Amino acid sequence: MDRTRLLQVFSEDSIGQDLTVCGWVRSRRESKGVAFIALSDGSTQETLQLVVPAESPAFTELPRCNTGASIRARGVVRESPAKGQKIELEVSEIHIFGDADPEKYPLQKKGHTLEFLREIGHLRPRSNTFGAVFRVRNVLAKAVHDFFQGRGFMWVHTPVITSSDCEGAGDMFTVTSLDLEDVPKKEGQVDFSQDFFGKRAYLTVSGQLEAEFMAMSVGDVYTFGPTFRAENSNTSRHLSEFWMIEPEMAFADLQDDMKLAEDFIQFLCTQVIEKCEKEIAFFEKFFKTISLSQLQDLATKEFYHISYTDALTQLEKARKKFEFPLQWGLDLQSEHERYLTEIVFKGPVVVTDYPKDIKAFYMRLNDDEKTVAAMDVLLPGIGEIIGGSQREERLDMLTKRMKASEIPLEHMEWYLDLRRFGSAPHAGFGLGFERLVQYITGMHNIRDVIPCPRAPQLIKF
RNA sequence: UCCCGGGUAGCUCAGCUGGCAGAGCAGGUGGCUGUUAACCACCCUGUCGGGGGUUCGAAUCCCUCCCCGGGAGCCA
């Protein structure tokens, strides 16, 4: 089909060209002698103004050019004589692909609340806001690969279906092909030996353990794929299905890990600043929850580092009264994290060296034997965006931690093998992709940064 | 899962000390010689979230269930 994308119309010197554009009508304004259509095709934040003079043969098609209708328009690009846009298309021909009955089409040219748009998930990408969110998401996804590929990391495809139930990252969804109307039982329990895989299978909650064996063979790797949590979490920061990025580096310690995390976030931020100028300006103008200068700060300023123990000291000095107690050995609560990022440091904070009992078994025990080489990256307004650690590479230490955490060793022999044969220091982290998109777009609700959000009681499509 | 706040026209919301269901926007029609989520005039719009109860009478009071939002827990 002969078609020029709006992104191209705007980015090139197209004045004087005779071309054809396709898209969806955002709004139509008519007067006696001339009509205007704002057209969007999703390729850019901008809408193209179509000008239809009364004498144009296209004028008769105007009554059908309602908000939401899909059309093709041919015309000549002109410099716009009016304020509001630099160029416009003087239309000679309009073809309507698909009507949109204005009495039934749910989107109107005026704005809608995000809550309402959430109910029409299949149409919301046509709105300014969601078009912008998904364009930024796409730029970020590409930047993830560019960052790691540029540093020689191998993208590894860890499984979506796993038999490993001890990743310690929350409740898991069971994957089964058993007849749920007639489940086979043995000694009162579901007999998974009769299931598809001969044992119980789950949707993955993390690709980390598999990424570790790849890292212990090829050096530096990363995963980027969907992960699943069956937690009954009803918040603006949790999804049941979300995309996670998990780099894993051989011959690396916690310092390397933190450096990678910081470089990574700053690279992604820089890419968005470069490639999503219009989108950022849009978020800044309409939502006021994020600004270009904030993103520039994130992209350039060094992150603050503080140990868990020092963070506790800082929090104890705070005048603010916290709901939850501050006591060495207890995990930091949301209110504590917020205080650190929003009041004390006013920016991203990396908290390191947490007490071993509140962290996962695979994290490397520090020499004090009380803390582990773990780090969390906290962002203002979002909280934890990255959780990472240097992994325990010493067989005896790891076995001890696993026993203490009641991890069944017999299922994890393969994991221990990595420490038996050619073990090496290694480190990695996990980053929740949607939380990053959330921060960078300023969207308050994580359900608004993924096309088809999954959460308890929520599975449209 | 817990704690708050909500659910009334297509959308955003008012009405809630019980007494005829409203406004703005959207939509329709007409007007307007270049508009900018245009403007002016007129018109149309209802399972007051579902169920049950109290009452002469319930959008309004009570019970219950569902859904949405904010916060918390869990986590990324």
Side-chain angles (χ1 to χ4, degrees), chain A residues 25-38 40 46-55 63 66-68 78 80-85 88 90 100-120 127-128 167-171 205-208 226-246 261 286 322-324 331-338 358-360 376-379 382-388 429-439 444-450 455-458:
Chain A
V25 174
R26 276 284 170 72
S27 69
R28 183 187 64 210
R29 292 178 291 275
E30 290 174 282
S31 61
K32 204 170 190 176
V34 64
F36 303 92
I37 291 171
S40 163
E46 291 177 281
T47 53
L48 179 64
Q49 171 154 282
L50 310 182
V51 184
V52 189
E55 55 275 18
N66 296 307
T67 300
R78 306 276 190 215
S80 181
K83 282 180 188 168
Q85 60 282 316
E88 59 190 27
E90 193 179 298
D101 183 346
E103 302 220 13
K104 292 179 184 151
Y105 187 60
L107 289 170
Q108 41 187 61
K109 57 184 169 186
K110 293 239 176 179
H112 290 290
T113 59
L114 296 171
E115 289 79 9
F116 173 68
L117 291 170
R118 233 167 266 155
E119 292 168 16
I120 46 167
S127 67
N128 272 328
E167 287 156 343
D171 294 339
V205 293
S206 162
Q208 182 199 311
T227 40
F228 308 87
R229 305 275 165 94
E231 295 284 345
N232 191 9
S233 295
N234 293 286
T235 82
S236 54
R237 308 183 305 283
H238 292 85
L239 290 166
S240 310
E241 175 181 316
F242 64 100
W243 285 62
M244 191 147 68
I245 296 145
E246 295 175 289
F286 282 92
F322 295 109
E323 190 189 337
F324 289 88
D331 208 352
L332 298 180
Q333 302 294 316
S334 284
E335 55 173 348
H336 306 137
E337 296 182 351
R338 290 186 92 113
I358 56 171
K359 286 292 180 181
D376 283 358
V377 179
L378 312 177
L379 291 184
I382 304 285
E384 186 179 343
I385 190 166
I386 283 180
F429 63 77
L431 175 141
F433 187 56
E434 282 75 16
R435 289 203 181 158
L436 186 76
V437 182
Q438 226 189 321
Y439 184 79
H444 281 309
N445 195 315
I446 200 165
R447 299 173 187 195
D448 293 337
V449 299
I450 186 167
Q457 303 301 316
L458 182 69

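Within every chain, numbering begins at 1; the chains are lettered A, B, ... in the order of the sequence lines, protein sequences first and strands thereafter. All of these numbers come straight from a predicted model, not from anything done at the bench.
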Considering only the [atom1] atoms, how many Å lie between [N] and [M], rounded to the nearest integer?
N	M	atom1	answer
B:U1	B:U60	C1'	32 Å
B:C44	B:G24	P	13 Å
B:G19	B:A58	P	11 Å
B:U55	B:G18	P	16 Å
B:G6	B:A59	C1'	14 Å
B:C66	B:G51	P	15 Å

- prompt: Taking the nucleotide of RNA chain B with the closest heavy atom to each, which residue, A:Leu458 or A:Leu332, is nearer the 5' end?
  reply: A:Leu458

query: Want to settle it: does A:Ile385 or A:Ser27 sit nearer the 5' end of RNA chain B, counting the closest nucleotide to each?
result: A:Ser27

Phosphate-side-chain proximity, [X] and [N], N/O vs OP1/OP2 below 4.0 Å:
X	N	value
A:Arg29	B:A38	yes
A:Arg118	B:G69	yes
A:Arg28	B:U36	no
A:Ser236	B:G71	yes
A:Asn445	B:G70	yes
A:Arg447	B:C68	no
A:Lys110	B:C25	no

message: Return a single string for nucleotides 6-14 of chain B, one symbol per nucleotide in 5' to 3' order, where B is base contact, S is sugar-phosphate-only contact and - is none, cutoff 4.0 angstrom on heavy atoms.
response: ----BSS--

Of the candidate nucleotides [options], which contains the atom at the shortest distance from the side chain of [X]?
X	options	result
A:Asn234	B:A76, B:A72, B:U35	B:A72
A:Arg435	B:U33, B:A38, B:C75	B:C75
A:Gln333	B:C74, B:A37, B:A76	B:C74

query: When rounded to the nearest 0.5 angstrom, what distance separates CG in A:Leu117 from NE2 in A:His112?
result: 6.5 Å

task: Could you grab the distance from atom CZ of A:Arg447 to atom CG of A:Leu114, nearest 0.5 Å is fine?
output: 13.0 Å

query: In whole angstrom, what separates A:Asn128's CG from B:U36's P?
result: 17 Å

- prompt: To the nearest Å, how far apart are A:Gln457 CD and B:C66 P?
  reply: 9 Å

query: Do A:Arg435 and A:His238 come close enough that some side-chain heavy atom pair is under 4.5 Å?
result: yes

- prompt: Do A:Leu431 and A:Leu436 have side-chain heavy atoms sitting under 4.5 Å apart?
  reply: yes

- prompt: A:Ser206 and A:Glu246: side-chain donor and acceptor closer than 3.5 Å?
  reply: yes

field: Distance-only donor-acceptor test (3.5 Å): side chain A:Gln85, base B:U35
entry: yes

